[in-house]
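Written below as structure tokens is the structure these notes are about.
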Amino acid sequence: MKRILIVVGSVYGSTIQMANYISRKLDKYGYEAEVTESSSLENVKKSNLLLIMTATTGQGDIPQNITPFVDEIKESQEDLNDINYAIISFGDSGYGPTFCNSGRTIQSILENRNGNCVIPPFEIDTVEYLDPEEPINIWCENYIDKL
Ligand SMILES: Cc1cc2nc3c(=O)[nH]c(=O)nc-3n(C[C@H](O)[C@H](O)[C@H](O)COP(=O)(O)O)c2cc1C
């Protein structure tokens, strides 16, 4: 069974709700998903896929709850070619140039460490959806078979 580690960056909790929602869906598809707000490279290596789901805070900043995790990846000297990852970002287009910047920053850190991006970065403009689960359903329809 494929293990998926979902690391969530959130300030107000809505991204955690979406992570729990996707986790339940992944379980139904036969994956073993774990949702966490704090993880480590060691944990990532025990999983088949690292799925980062993150909000953006401040002016394009990464939520504090995942900065230790992101810093560990950034400061690691390892080649992370064995690590498969995907990123789903949540933001608000009203923030203009910093829209979903947290996900973009993490994407570039993982690219620099040579991680293996298995699904194109997916950016959700939360103000576009009345039903917050809708973009998650779209992501699953498009990509679940690529996990
Ligand atoms: C103080 C504050 C700053 C924000 N800054 C940004 C930003 O720079 N870029 C962006 O795309 N969204 C920004 N957002 C929107 C959040 O990323 C978005 O609402 C997200 O869904 C919140 O997720 P959470 O409930 O998990 O924290 C900001 C929201 C707040 C309240």
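Below, each value reflects all heavy atoms present in this structure, side chains not excepted, and no hydrogens, waters or symmetry copies. Numbers for residues simply follow the sequence, beginning at 1. Numbering of ligands and ligand atoms starts at 1, following listing order.
Of the protein's heavy atoms, T98 O, 2.9 Å lies nearest to atom 9 (N) of ligand 1. For atom 30 (C) of ligand 1, the closest non-hydrogen atom of the protein is Y95 OH, 3.4 Å. Shortest contact from atom 11 (O) of ligand 1 to any protein heavy atom: C100 N, 2.8 Å. In terms of protein heavy-atom proximity, atom 20 (C) of ligand 1 is nearest to A55 CB, 3.8 Å.
If you check each of T126, T56, D92 against atom 16 (C) of ligand 1, the one with the closest non-hydrogen atom is T56.
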Derivation and outcome, side chain to side chain contact (heavy atoms under 4.5 Å, CB included), residues Y143 and I88
CA-CA 12 Å; Y143 299 120; I88 301 177; over 6 Å; no
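For the atom pair L5 CG and S39 OG, the distance stands at 4.5 Å (nearest 0.5 Å).
Using a 4.0 Å cut-off between a side-chain N of Lys or Arg and a carboxylate O of Asp or Glu, K46 and E34 do not qualify as a salt bridge.
At a heavy-atom distance under 4.0 Å, atoms from both the backbone and the side chain of Y12 approach ligand 1. In S14, the parts holding a heavy atom less than 4.0 Å from any atom of ligand 1 are both the side chain and the backbone.
The shortest N or O to N or O distance between I16 and ligand 1 is not below 3.5 Å. For a threshold of 3.5 Å applied to N or O pairs, the pair formed by G91 and ligand 1 contains no separation below that value.
Contact atoms of ligand 1 toward G58: 3 (C), 4 (C), 5 (N), 6 (C), 8 (O) (distance under 4.0 Å to a heavy atom of the residue). Atom numbering of ligand 1 starts at 1 in the shown order; those under 4.0 Å from a heavy atom of G13 are 24 (P), 25 (O), 26 (O). Taking every heavy atom of V11 and a limit of under 4.0 angstrom, the matching atoms of ligand 1 come to 24 (P), 26 (O), 27 (O).
Scanning all heavy atoms of the two residues, the minimum distance from G103 to I87 falls at O-CD1, 3.9 Å.
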